[in-house]
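Heads up: the structure comes next, in structure tokens.
Owing to the predicted nature of the structure, the values given are computational and were not obtained by experimental measurement. The chain is numbered in sequence order, starting from 1.
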Amino acid sequence: MSASALAAAVREALSVDHEAFLARADQEAHDLKAEVRAGTFDNNQAIVGLEFELYAADEQTDALRRVPRQLLERIGFEKELGLHNAEMQTSPQPLNDYGLDAQQRELQANLAPALERANTEDIRLVSDGLWTVPPNGETATAYLCDSVAEDGIRIGTNMSDSVRYHAIANTDYPCAFELDAPHVSVQADTVMPESLITSIQPHYQIPHAPDLPTYFQYALRIAGPLLALGVNSPFFPPECYDGDARDREIVADAHMEHRIGVFESVLNPPDGSDVQPKVTFPRDLESVEEAIDRIVADPLIVPMDVETGQRFDDRFAHVRHKHGSYWRWIRPVFDGATRSDANARIEFRPLPGQPTIRDAVAFEAVFGGLLESLPRRDHPVRDLDWETARENFYAAARDGLEAELTWLTDDGETTAIEELYADLFEYARDGLELRGLSTEQAQRYIEPLRERLDRRLTPARYKHDIVSQQVQAGVPLGEAIWGMQSQYIARQRETLLEGTFVEWLA
């Protein structure tokens with residue numbers, strides 16, 4: 001799409017009547033609640049799914065690469081925010097050994113030919129949390145901040161031609177569009193800096209939709225511990241760091257998961273604004289109806305003229321559109337192409353991209369197992385204060401497995417990491433066994449994450465150790481970060497499809 005055509009499409013989207021849009025959303029929410037109460041969104045079993053994002057790098061230099069749109073279509077991947085992004089989603093499967101195996105094999109089956117086809121254009125698809133090497137001949141800040149004004153509409157030069165992405169920069173909602181992290185301060189005019197980050201997102205479909213608040217409450221409380229195991233984003237592209245910052249200070253002050261801060265600082269209003277932020281750690285829910293009300297009450301960024309077709313959930317198209325910018329770290333979802341497919345699920349969004357497919361599926365299995373077991377066993381962590389759960393989450397983003405996390409067991413409160421994760425893995429195993437897995441099968445899915453705990457080594461800490469050692473030896477920070485990134489990509493080349501991160505540590 002040309003810049004002028006894209007600008008025209010953005011202008012058309014912005015011309016939609018806000019009040020009329022919100023009125024439609026309110027009516028749809030009323031109908032959606034009625035369908036939930038009628039049991040339309042119930043399932044006869046727990047079902048899981050996974051979103052898996054990647055970015056493209058140059059096969060020879062590890063520099064970021066734009067993915068040709070025709071190539072993206074040929075490999076069957078969906079476009080994401082940046083021209084370098086790609087995404088695939090698994091088909092929902094029952095939470096059992098066959099379903100989890102199907103999830104892993106579907107990812108492998110789709111990614112293996114995609115890697116081969118991308119390689120014909122000298123492109124490597126990378127699963128990571130945050131890219132650090134800009135495109136050849138370009139700077140990271142120019143790539144992230146480049147934009148043009150076309151007929152009064154701000155267009156991000158390196159963004160996909162999705163109208164909703166570009167419309168965000170042209171509405172009244174005051175997104176900060178900035179990177180705000182220790183020793184990092186980058187200001188853009190569009191949402192493009194958010195394309196620094198990639199993620200995996202497990203989904204869990206709830207058997208009985210009205211029970212969503214209970215599952216949601218548990219999901220909030222396992223967010224910190226699971227994030228601490230998954231951290232993978234300790235460094236930015238070197239050019240993004242402030243010029244007066246010292247290399248050793250940057251390394252010492254790095255967060256283990258900068259992806260959390262990037263998403264919040266780019267899309268939320270600037271500090272001091274009285275406008276409600278949209279990227280937050282959400283509060284507990286009292287009812288499934290409240291979950292729907294929160295989506296509808298969330299500030300509207302881009303109304304747009306919503307297209308509908310023959311899908312069942314097109315009856316709630318305006319609510320679904322609002323949900324697209326309902327950016328919570330854990331969020332409820334209500335959708336389904338047909339009435340029989342309609343489901344209420346929890347989307348778990350804190351986790352960055354992982355080193356391998358098996359690592360990603362391990363998180364999916366553990367997440368699903370916990371949401372299967374904790375509510376059934378009435379686990380006491382449900383009573384952990386919401387404020388403490390939130391503190392756990394941001395502490396995990398800062399410090400990974402070195403964070404002090406608070407947990408509740410049958411014996412009371414604990415901050416002992418071994419006790420916390422022993423309890424967490426035990427209930428994940430229990431949940432998987434409740435879904436028919438043998439103990440051996442359940443342990444096979446849990447083992448990649450248990451090994452991280454035993455070694456006290458996450459992907460982020462692995463990266464941080466490499467850079468720290470290099471900087472201590474006098475290597476300039478930029479060279480150290482790019483060397484680390486090269487090593488990460490080289491190790492992933494050997495293990496992405498069938499290995500695990502802990503194999504890198506042998």
[X] side chain to [Y] side chain, donor-acceptor N/O pair below 3.5 angstrom:
| X | Y | value |
| --- | --- | --- |
| D359 | T500 | no |
| R345 | H203 | yes |
| Q472 | Q470 | no |
| N232 | E257 | no |
| Y215 | E372 | no |
| E53 | N85 | no |
| Q485 | D128 | yes |
| T495 | E503 | no |
| S265 | D180 | no |
| E404 | T415 | no |
| E80 | Y55 | no |
| D423 | W407 | yes |
| D298 | S325 | no |
| R124 | N119 | no |

Side chain of [X], backbone of [Y]: donor and acceptor closer than 3.5 Å?
| X | Y | result |
| --- | --- | --- |
| R491 | W504 | yes |
| T120 | R117 | yes |
| R164 | V10 | no |
| Q492 | S127 | yes |
| N170 | H166 | yes |
| Q187 | A176 | yes |
| R65 | A63 | no |
| Q205 | V48 | no |
| R349 | R328 | yes |
| D146 | T157 | no |

- Taking T90 as the fixed residue, which of E106, Q103, Q104, R105 is the one that meets the side-chain hydrogen bond (donor to acceptor under 3.5 Å, both in side chains) rule? Q103
Taking the six-membered ring for Trp, are [X] and [Y] parallel (under 30°), tilted (30 to 60°) or perpendicular (over 60°)?
| X | Y | value |
| --- | --- | --- |
| F501 | Y462 | perpendicular |
| F393 | W329 | tilted |
| W131 | H84 | perpendicular |

Are [X] and [Y] close enough for a salt bridge, meaning some N to O gap below 4.0 Å?
| X | Y | value |
| --- | --- | --- |
| E387 | R390 | no |
| R358 | E447 | no |
| E290 | R294 | yes |
| D284 | R221 | yes |
| R450 | E418 | no |
| E138 | R66 | yes |

- Message: Run L351 and Q201 through side-chain contact (heavy atoms from CB on, under 4.5 Å) and show every step you take.
- Response: CA-CA 7 Å; L351 296 172; Q201 296 177 19; over 6 Å; no
- Message: Tell me whether K463 forms a cation-pi arrangement with Y488, defined as NZ or CZ under 6.0 Å from the six-membered ring centre and within 45 degrees of its axis.
- Response: yes
- Message: Working note: H464 + F235, criterion ring pair (Phe, Tyr, Trp, His ring centres under 6.0 Å); need CA distance, chi angles, decisive distance, verdict.
- Response: CA-CA 8 Å; H464 193 272; F235 294 109; 5.6 Å; yes
- Assess whether side chain to side chain donor-acceptor pair (under 3.5 Å) is satisfied between Y394 and E264, documenting all intermediate values. CA-CA 12 Å; Y394 288 104; E264 293 190 355; 2.6 Å; yes
In Å and rounded to the nearest 0.5 Å, what is the [atom1] to [atom2] distance from [X] to [Y]?
| X | Y | atom1 | atom2 | value |
| --- | --- | --- | --- | --- |
| D253 | Y241 | CG | OH | 10.0 Å |
| L496 | L125 | CG | CG | 9.0 Å |
| Y204 | L371 | OH | CG | 6.0 Å |
| Q217 | E286 | CD | CD | 8.0 Å |

- With salt bridge (Lys or Arg N to Asp or Glu O under 4.0 Å) as the test, would you mind laying out the steps for E59 and R493 before giving the verdict? CA-CA 10 Å; E59 187 68 78; R493 183 178 288 108; 2.7 Å; yes
Closest heavy-atom pair and its distance - [X], [Y]:
| X | Y | value |
| --- | --- | --- |
| L457 | L401 | N-CD1, 4.3 Å |
| L229 | T458 | O-CG2, 3.7 Å |
| P277 | P269 | CA-CD, 3.8 Å |
| S195 | L81 | N-CD2, 3.5 Å |
| Y421 | P225 | OH-O, 2.7 Å |
| N158 | A142 | ND2-O, 4.5 Å |

- Message: Walk me through whether Q89 and E87 qualify under side chain to side chain donor-acceptor pair (under 3.5 Å).
- Response: CA-CA 7 Å; Q89 300 183 20; E87 177 186 308; 2.8 Å; yes
- Task: Report yes if the side chains of V191 and M159 come closer than 4.5 Å at any heavy-atom pair, otherwise no.
- Result: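 Yes - at least one pair of side-chain heavy atoms lies under 4.5 Å apart.
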- Message: Consider side-chain contact (heavy atoms from CB on, under 4.5 Å). Of L227, T388, T414, N392, which one does L405 pass it with?
- Response: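 With L405 as partner, L227, T388, T414, N392 yield a single side-chain contact (heavy atoms from CB on, under 4.5 Å), made by N392.
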- Message: Applying the side-chain contact (heavy atoms from CB on, under 4.5 Å) criterion to C145, which one of D189, V186, T190 satisfies it?
- Response: V186
- Message: Can you confirm whether more than 12 heavy atoms, excluding those of R456, are under 6.0 Å from its CZ atom?
- Response: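 Result for CZ/R456: enclosed.
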- Message: Check this for me: D383, atom CG, are more than 12 non-hydrogen atoms of other residues, nucleotides or ligands nearer than 6.0 Å?
- Response: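 Correct, the count exceeds 12.
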- Test side-chain contact (heavy atoms from CB on, under 4.5 Å) on I222 and L374 and set out the steps. CA-CA 10 Å; I222 63 177; L374 298 179; 3.8 Å; yes
- Query: So R444 and E440, salt bridge (Lys or Arg N to Asp or Glu O under 4.0 Å) or not? Walk me through it.
  - Reply: CA-CA 6 Å; R444 174 165 52 86; E440 182 181 358; over 6 Å; no
